[in-house]
Amino acid sequence: ARMILIPEGTFLMGSDRKEVQALWKKMGWDQRWFNSQVEAKHGVGELHVHEVKISSLWIYEEPVTIGQYYTFMQDTKREAPVDPDIHRQWNSAWKDGMPIPGSEGLPVSSGSWEDAVASSSWAGCRLPTEAEWEYAARAGTTTGYWWGDKLKKKYANCRKCGSKWGGKKSAPVGSFKPNPWGIYDMHANIWEWTLDCHNKTHAFAPKDQTPRTDGNCDRRTVRGGSWYYFPQLAKSVSRDSHPQHLWSYNIGIRLGLPLY
């Protein structure tokens with residue numbers, strides 16, 4: 001996999017309430033459900049638009065694959081992310097601690113944030129911060145997805161995204177068109193861990209690319225959406241969180257530089 005040089009610049013991170021509601025309405029979702037459910041968990045999380053200054057950085061064009069992660073496992077004697085018997089319907093890529101033949105090109109998942117940090121450090125890299133991740137996902141655009149505000153079939157892997165994997169499993173990395181900066185899979189396929197401690201909104205967020213160290217550091221922010229979720233949760237601004245010590249069948253890893 002190649003690393004992509006991300007140019008320095010500034011961008012507006014997050015979205016305001018009108019933008020969030022307009023996108024959900026455009027996608028045909030019931031606004032009453034938005035108000036009672038999404039705004040409570042996801043919509044509010046995107047609020048507090050703020051300008052962020054980003055210095056140049058490198059980011060891998062694709063998420064870490066099972067094959068790449070297995071190399072890390074062999075070198076460090078780390079165990080496979082999860083026993084597939086625990087959650088076989090979601091994770092059938094491993095058997096007896098080894099990748100099932102043919103699965104090497106899938107994005108690795110079912111590892112904790114701690115696993116992600118360990119593997120990134122081993123590779124001489126680090127996880128991107130939340131601000132860096134959104135800047136790279138937007139790739140100079142201001143729309144919900146890098147290709148616009150309307151969903152385009154077969155541009156991503158999620159429920160109702162029109163791919164053969166949607167709602168079933170992850171797709172091999174690089175299966176869809178890259179964004180204008182040459183980065184693949186920033187919308188859906190798998191959520192991706194970031195360095196940041198989780199905060200419910202962007203209120204009081206840094207104005208540069210440093211990670212948030214305030215808030216709930218037992219939970220880490222994940223970005224991008226996944227094959228299991230709907231396209232509304234795969235926007236450049238979409239965010240969620242997960243306990244840092246727990247695995248999830250649809251959270252993966254993307255590496256970046258420089259190191260902090």
Side-chain angles (χ1 to χ4, degrees), residues 1-4 58-128 130 132-133 136-137 156-158 163 165-176 178 183-196 220-229 234 240-257:
R2 296 185 307 128
M3 295 196 82
I4 303 295
W58 294 89
I59 193 166
Y60 271 93
E61 64 178 347
E62 298 170 345
V64 174
T65 65
I66 286 174
Q68 292 164 342
Y69 192 85
Y70 186 57
T71 301
F72 157 70
M73 287 170 49
Q74 291 178 303
D75 192 56
T76 61
K77 310 302 181 186
R78 204 175 189 90
E79 295 182 355
V82 68
D83 181 348
D85 290 331
I86 297 175
H87 224 303
R88 182 169 291 279
Q89 64 267 43
W90 303 127
N91 187 338
S92 59
W94 299 89
K95 185 175 183 180
D96 300 326
M98 297 179 63
I100 292 174
S103 68
E104 294 86 353
L106 294 172
V108 70
S109 62
S110 299
S112 68
W113 181 84
E114 293 161 353
D115 291 328
V117 169
S119 63
S120 61
S121 179
W122 170 83
C125 300
R126 62 164 172 79
L127 300 178
E130 193 177 1
E132 290 170 343
W133 193 98
N157 179 28
C158 67
S163 81
W165 303 281
K168 300 175 183 177
K169 59 183 180 180
S170 60
V173 301
S175 293
F176 305 94
I183 308 171
Y184 294 86
D185 302 330
M186 297 298 270
H187 298 289
N189 208 24
I190 52 166
W191 292 96
E192 297 178 2
W193 291 110
T194 69
L195 279 176
D196 296 54
R220 299 289 171 160
T221 302
V222 295
R223 301 296 299 258
S226 84
W227 57 267
Y228 184 79
Y229 290 97
D240 207 336
S241 68
H242 195 73
Q244 70 172 31
H245 64 286
L246 296 180
W247 60 270
S248 171
Y249 57 83
N250 64 358
I251 301 178
I253 307 167
R254 188 182 298 267
L255 303 182
L257 283 172

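FYI, side chains are in, hydrogens and waters are out, and symmetry mates aren't considered; it's all heavy atoms of this structure.
- Applying the side-chain contact (heavy atoms from CB on, under 4.5 Å) criterion to Pro178, with sequence neighbours excluded, gives Tyr184.
- A search for side chain to side chain donor-acceptor pair (under 3.5 Å) contacts involving Trp133 returns Glu192, not counting sequence neighbours.
- Checked against Val108 for a side chain to side chain contact (heavy atoms under 4.5 Å, CB included), the options Thr65, Val173, Ile251, Ile66 give a single hit: Ile66.
- Applying the side-chain contact (heavy atoms from CB on, under 4.5 Å) rule to Phe176 yields the partners Asn157, Ser163, Trp165, Ala171, Asp185; only residues at least two apart in sequence or on another chain are considered.
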(request) Verify side-chain contact (heavy atoms from CB on, under 4.5 Å) between Ser119 and Val64, making sure each step is shown before the conclusion. (result) CA-CA 10 Å; Ser119 63; Val64 174; 5.9 Å; no

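- Taken to the nearest 0.5 Å, the CG atom of Asp240 stands 10.0 Å off from the OG atom of Ser226.
- Atom-to-atom distance recorded for Thr194:OG1 and Leu127:CG is 7.5 Å, nearest 0.5 angstrom.
- Every residue was checked against the ring-ring contact (aromatic ring centres under 6.0 Å, His included) condition with Tyr60, not counting sequence neighbours, and none meets it.
- Atom CG of Leu195 and atom CH2 of Trp113 lie 6.5 Å apart (nearest 0.5 Å).
- The OG atom of Ser103 lies 10.5 Å from the NZ atom of Lys169; values are rounded to the nearest 0.5 Å.
- Among residues two or more places apart in sequence or in another chain, the side chain to side chain donor-acceptor pair (under 3.5 Å) test is passed with Ser248 by Asn250.
- Taking the ring-ring contact (aromatic ring centres under 6.0 Å, His included) definition, one finds that Phe72 meets it with Tyr69, Trp122, sequence neighbours left out.
- The salt bridge (charged side-chain N to carboxylate O under 4.0 Å, His left out) search around Glu62 returns none, not counting sequence neighbours.
- Using a 30° and 60° split on the angle between ring planes, Trp227 and Tyr249 fall in the tilted class, from 30° to 60°.
- In this structure, the side chain to side chain donor-acceptor pair (under 3.5 Å) partners of Thr221, at least two apart in sequence or on a different chain, are His198.
- In this view, Ala156 and Trp147, Cys161, His187, Ala188 satisfy the side-chain contact (heavy atoms from CB on, under 4.5 Å) rule, not counting sequence neighbours.
- Within a 6.0 Å radius of CE in Met98, no more than 12 heavy atoms belonging to other residues, nucleotides or ligands are found.
- With sequence neighbours left out, Ser175 forms a side chain to side chain donor-acceptor pair (under 3.5 Å) with no residue at all.
- Note that CG of Asn189 is 5.5 Å distant from OG of Ser170, once rounded to the nearest 0.5 Å.
- Here salt bridge (charged side-chain N to carboxylate O under 4.0 Å, His left out) pairs that include residues 220-229, with residues two or more places apart or in two chains, are Glu130-Arg223, Glu134-Arg223.
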